[in-house]
Amino acid sequence: MIKPHSKTISAIRSRLLAWYDQNARDLPWRTPPYLSEIDRQSQATNLPGAYHTLVSEAMLQQTQVATVIPYFHRFLDTFPTLKSLAQADEQQVLTLWQGLGYYRRARNLHACANVIMSEHQGQIPHTVDELLKLPGIGQYTAGAIASIAFNQPAPILDGNVIRILSRIFFITDPTDHTPIKKQLWSLAEQLVPETSGRPGDYNQSMMELGALICSPRNPNCNTCPLQKLCKAYADGSPESLPITLPKSKPRPVHHHILAIQHPSKPNTYFFEQRPSTGLWSNMYQLPTLELNHNKDFESDQLITYIQKHLKIKTKNITQLKTFKHQTTHLTITFHLHAITPTSIPTKLKPNTAWRSLTKLTDLPLSNPQQQATKCLSVQ
DNA sequence: AAGTCGGGGGA
DNA sequence: TCCCCAGACTT
C-alpha cells in the first residue's frame with residue numbers, strides 16, 4: 001500500500017484548495033467556495049442544498065457536466081423539493097430524464113426520495129453508511145453527498161480522481177483491477193482532509209482539476225498546481241496514465257419498429273411501455289421486435305408477431321426507413337415499418353396507449369424511439 | 001471479474 | 001473512429 005508522506009498530503013490539500021478557490025466553475029448545484037463559514041454551516045443543515053447535491057450527483061454519473069446542466073434546471077423547476085419528487089409519478093420523472101441516458105438512475109432517484117420521506121423523516125442521511133443503503137447510491141455518490149452537502153471527511157473515487165492519483169503516484173497497473181482500485185480508495189481516504197479542512201471543497205477540487213487541467217489527453221501540466229508533486233509528469237508521459245483494460249466491442253443487432261396507425265384517428269399510433277428491466281427500462285415505445293442476429297426481415301414474421309402479441313390484424317406493411325443507433329454494448333440497426341391495421345381490439349392492455357404524435361410530451365421515449373416518431377410526423 | 005445500462009463530447 | 005464521462009448493479 002502507498003503511504004504518502006504527511007508533507008506530501010498537506011501540500012496536495014493546500015495547493016488544490018487554493019487553486020479551486022481561484023478557478024472553480026460556477027455550477028448551478030455547487031456551494032460557492034466563497035461562502036463564509038456561517039453560511040457553509042447553514043447550508044449543511046439546509047435540505048434544499050443536500051437535495052440539489054443528490055439530484056446533481058445522480059445525473060452526473062457517467063455523464064459530463066455540460067450535458068447535465070440543462071437537465072438539472074428543468075428537473076428542479078418541476079421538482080423543487082425532495083417531497084415534490086417523492087410525490088411525483090415515475091413516468092413524469094422519466095420524461096424529465098428523456099435523452100440523458102441510464103434511465104435506471106431516474107427510477108432509483110425517485111425511489112430514493114420516497115425512502116428518505118418514509119424512513120428518514122424527509123432528511124437526507126449525513127453519513128456514508130446510511131447513504132449507501134439508498135437505491136442508486138454507491139461508494140462514490142455516498143462520499144460525494146456526505147462531503148459536499150454535509151462536509152463529512154468522506155473520500156470519493158471517480159474517473160477524474162483515478163486519473164489524477166494514477167499520475168501523481170505513477171500507478172502503472174490497470175486501474176480497473178480490484179486490488180488497484182482498493183489502493184486508489186486507500187489513497188483517496190488518506191488524502192481527504194478532516195471537516196475543518198473543507199473535505200467537500202477538496203473533493204470537488206480533485207474533480208475540477210481532472211476536468212479542467214488533468215484531462216485524459218493533452219493535460220495542461222503547465223498550469224497544474226500539482227506539477228511539482230506529479231511522478232508521471234517527472235517521467236515525461238502523464239497522458240499515458242491511467243492504464244485501463246480493453247473493452248469489448250458493441251455487438252450488431254436489428255430492431256424492427258412497428259408504427260401501427262389508428263384506423264380512424266389521424267396521425268395516431270400505438271405505444272407500449274417497455275419492461276422494468278433491461279435496456280430503456282419502463283420507457284415507452286412503438287412496438288419493437290428485437291432480433292439478435294442479422295436475419296432478413298420477413299413481413300410474415302412481423303404480421304404474426306403483431307397478431308399474437310398485440311391482437312391487431314393487419315396485411316399491409318411498408319418499410320419506411322432504416323437508421324443506426326449506438327449504445328455502449330450494442331450497434332442497433334432500426335428498421336421502421338408502417339402498419340395499417342384491418343381491425344384493432346376493443347379493450348386496451350395496461351401500459352399501452354393510442355397517442356397522437358402531437359401529444360407525446362408526457363410519454364418518456366428513448367432517443368431512437370423519438371427519432372422514429374419524428375420520421376412519422378414529417379411524412 | 002465481467003456484463004449491462006445511454007448518449008454525447010472531443011480529438 | 002475511439003476513448004471517456006462527478007458509477008451502480010447484476011450475474
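In this text the structure is predicted, and so the values were computed from the model without any measurement. Residue numbering restarts at 1 for every chain, and letters A, B, ... go by the order of the sequence lines.
Distance NZ (A/Lys324) to C1' (B/dG6): 18 Å, rounded to an integer number of Å. Between A/Arg107 atom CZ and B/dC5 atom P the separation is 12 Å, expressed in whole Å. The CD-P distance, from A/Gln326 to B/dG9, rounds to 15 Å in whole Å.
The six-membered or imidazole ring of A/His254 lies near that of A/His335, with a centre-to-centre distance under 6.0 Å. Checked against the 6.0 Å centroid threshold, A/Phe323 and A/Phe334 count as a close aromatic pair. Remark: aromatic rings of A/His52 and A/Trp29 are distant, center separation not under 6.0 Å.
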Checklist outcome for this item: Heavy-atom contacts, protein to nucleotides 3-11 of chain C, under 4.0 Å, summarised as B (base), S (sugar-phosphate only) or - (none) per nt, yield -SBBBBS--
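Nucleotides C/dA6 and B/dA11, compared at atom P, are 14 Å apart to the nearest Å. Here the separation of C/dT1 from B/dC5, taken at their C1' atoms, is 22 Å to the nearest Å. Here the separation of B/dG6 from C/dC3, taken at their C1' atoms, is 16 Å to the nearest Å.
A sub-4.0 Å separation between OP1 or OP2 of B/dG7 and a side-chain N or O of A/His325 is present.
Annotated stems with DNA chain B as a participant read B:1-5 with C:7-11, B:7-11 with C:1-5, given as range with range, by first number; only runs of 3 or more Watson-Crick or G-U pairs under 3.5 Å qualify.
Taking 4.0 Å as the cut-off between side-chain N and carboxylate O, A/Asp201 and A/Arg30 do not count as a salt-bridged pair. A/Lys133 and A/Glu119 are not joined by a salt bridge, as no carboxylate oxygen comes within less than 4.0 angstrom of a charged side-chain nitrogen.
Residues from residues 183-190 of chain A lying near DNA chain C, meaning a heavy-atom separation below 4.0 Å, are absent. Interface residues of residues 270-283 of chain A facing DNA chain B, ordered by number: A/Gly278, A/Leu279, A/Trp280; criterion, heavy-atom separation under 4.0 Å.
Using a 3.5 Å distance cut-off with no hydrogens or angles, the side chains of A/Gln285 and A/Ser366 do not pair a donor with an acceptor. A donor-acceptor pair shorter than 3.5 Å can be found between the side chains of A/Thr81 and A/Ser84.
Looking only at distances, no side-chain donor or acceptor of A/Asp89 sits under 3.5 Å from a matching main-chain atom of A/Gln91. Side chain of A/Asn220 to main chain of A/Ile213: no donor-acceptor pair is present (N/O by atom type, distance under 3.5 Å, no hydrogens or angles).
Counting side-chain heavy-atom gaps under 4.5 Å among Ile, Leu, Val, Met, Phe, Trp and Tyr, A/Met1 is found in no cluster with other residues. Through side-chain heavy atoms spaced under 4.5 Å, either directly or across other Ile, Leu, Val, Met, Phe, Trp or Tyr residues, A/Tyr102 is tied to no other residue.
Contact between A/Ser281 and A/Leu94 at its shortest, heavy atoms only, is O-CD1, 4.4 Å.
Among the heavy atoms of the strands, none lies under 4.0 Å from A/Pro246.
Where A/Asn218 and A/Arg251 meet DNA chain B, the nucleotide closest to each residue was compared, and A/Arg251 sits on the side nearer the 5' end.
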